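Index from 1, following the sequence. All values derive from a computational prediction rather than experimental measurement. For the numbers below, each heavy atom of this structure counts, side chains included, while hydrogens, waters and symmetry mates do not.
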Amino acid sequence: MHDLSLKNIADFFASSFNSSNKPTVDEMKKFNAFSTYLINKVNCSGAPNCSALHRKPCSRTINTCGVCQSGDYIGDVGDSNVPCYQFPFNKGTTGKISCTPSTVCPPFQSCSNGVCSLTERKRCPSDCSGHGRCQFVERDSGSPASTNECFVGDSGCEASCDCEVGFIGSSSCGISTSDFAIKQQFRQQVIQNVVMLVDKEYPTTESVNNWISSLVDATQVREELTESSVASVLNISTLVIRSAADVQLSFTALSAILSAVDLATERLSHFRTFN
C-alpha cells in the first residue's frame, strides 16, 4: 500500500466529510464499507499453510496466520505462525517430566537434557518486516522480559517489534508511520459514523447487523485504535446490544460484537499500562 494513494483517498474523504453538507445515511454506509476494505487489506502472500498449523487464515497481520481455529485448540495468543494443538493432552501433568529422545512431550515442549522443556522461542509478527528489532517483553507491563527469553507456551511474555524510525506504530513494522496514522483516522471515522447511524436509523435486523459489521471491521487491528476510538466503541456497543435485543437478533449474530468489545478493552488496557 503506497503512502500517496492512501493519503489521496484519505484527503478525498476528509474533504467530503468536512464540507458544509452533512453526509447522508447511505453515504456513511458506503464510506464504512470502502474504508474497512481498504484498511484491513494485508499482504498474505508469504504466509504459511495456516490450516496445517490449525490456525485461521492470514487476514490481519502481514504474512502471519490468525488465531487458533477454535476453542478445541490451544496455542500462542493472537496472530502467529506457531502451531496450535488440539485438546485433549496431558493437561493435568505438572512439574518436570523426564524424557528420552523418543518421549512425546506436552505441547510446546521438547526433550532437552533429559527433561521436557519449553525450547522454541517466540517470533515477532512477520519478523518485524525488516524494519525493526524483535524483543521479548512482559505481557502485562510491556517491560523487557526479566530473563531476556520468551518461549512458545509461556503466557507471561510476548515477542514485540521495536520498529525503526519511519515505521513506528504497527505490530509488524510493516507499514510506514504516516500510513499507520491515516489508517487510525479511517478507523476513527468509521466508528464515529456508526455512532451517528445508531442515532439516525430506526433499529431493524438489517440496520443492527450493519452497525455490528462496521464495528467488527473497524476494530480488526487493535493497535490502530486511538483512545477516542476505544471510548466510542465501548460506549456505542451498549446501545447496539440493546437494539439487538429489541429486534430479537440471534445470539450468533449478536456475539460478533464481542470481538470488537474485546479488542477495544485490550487496547484500553494498553493505554492504561503505558500512559
message: Which residue in the set Thr204, Asn209, Thr205 passes side-chain contact (heavy atoms from CB on, under 4.5 Å) when paired with Ser207?
response: Thr204
Would the SG atoms of [X] and [Y] measure under 2.5 Å apart?
X: Cys111; Y: Cys116; result: no
X: Cys134; Y: Cys161; result: no
X: Cys99; Y: Cys105; result: no

Side-chain donor-acceptor pair present, [X], [Y], cut-off under 3.5 Å:
X: Ser45; Y: Asn43; answer: yes
X: Ser178; Y: Ser176; answer: yes
X: Asn193; Y: Gln189; answer: yes

- prompt: Heavy-atom distance under 4.5 Å between the side chains of Val216 and Ile212, does that happen here?
  reply: yes
- prompt: Quick one: are Gln192 and Arg187 in side-chain contact, heavy atoms under 4.5 Å?
  reply: no
message: Check Glu223 with Arg267, please: is the shortest side-chain N to carboxylate O separation under 4.0 Å?
response: no
- prompt: Is the closest basic N to carboxylate O distance between Lys183 and Asp179 below 4.0 Å?
  reply: no
field: Contact list for residues 52-67, test salt bridge (Lys or Arg N to Asp or Glu O under 4.0 Å), sequence neighbours left out
entry: Arg60-Asp79
- request: Only pairs at least two apart or in different chains count here, so list each side chain to side chain donor-acceptor pair (under 3.5 Å) that has a residue in residues 254-263.
  value: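 Residue pairs with at least one partner in residues 254-263: there are none.
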task: Supply the atom-to-atom distance Trp211 CH2 to Glu201 CD, rounded to the nearest 0.5 angstrom.
output: 6.0 Å
CA sep, side-chain torsions, deciding dist, call: Cys163, Cys173, disulfide (SG to SG under 2.5 Å): CA-CA 5 Å; Cys163 301; Cys173 312; 2.0 Å; yes
Return all side-chain donor-acceptor pairs below 3.5 angstrom for residues 232-239, not counting sequence neighbours, or 'none' if the list is empty.
from, atom 1, to, atom 2, distance (Å)
Ser232, OG, Ser228, O, 3.1
Asn235, ND2, Ala231, O, 3.1
Ser237, OG, Val233, O, 2.6

query: When you look at Cys50 and Cys58, which way does the disulfide (SG to SG under 2.5 Å) test go after all the steps?
result: CA-CA 7 Å; Cys50 298; Cys58 169; over 6 Å; no
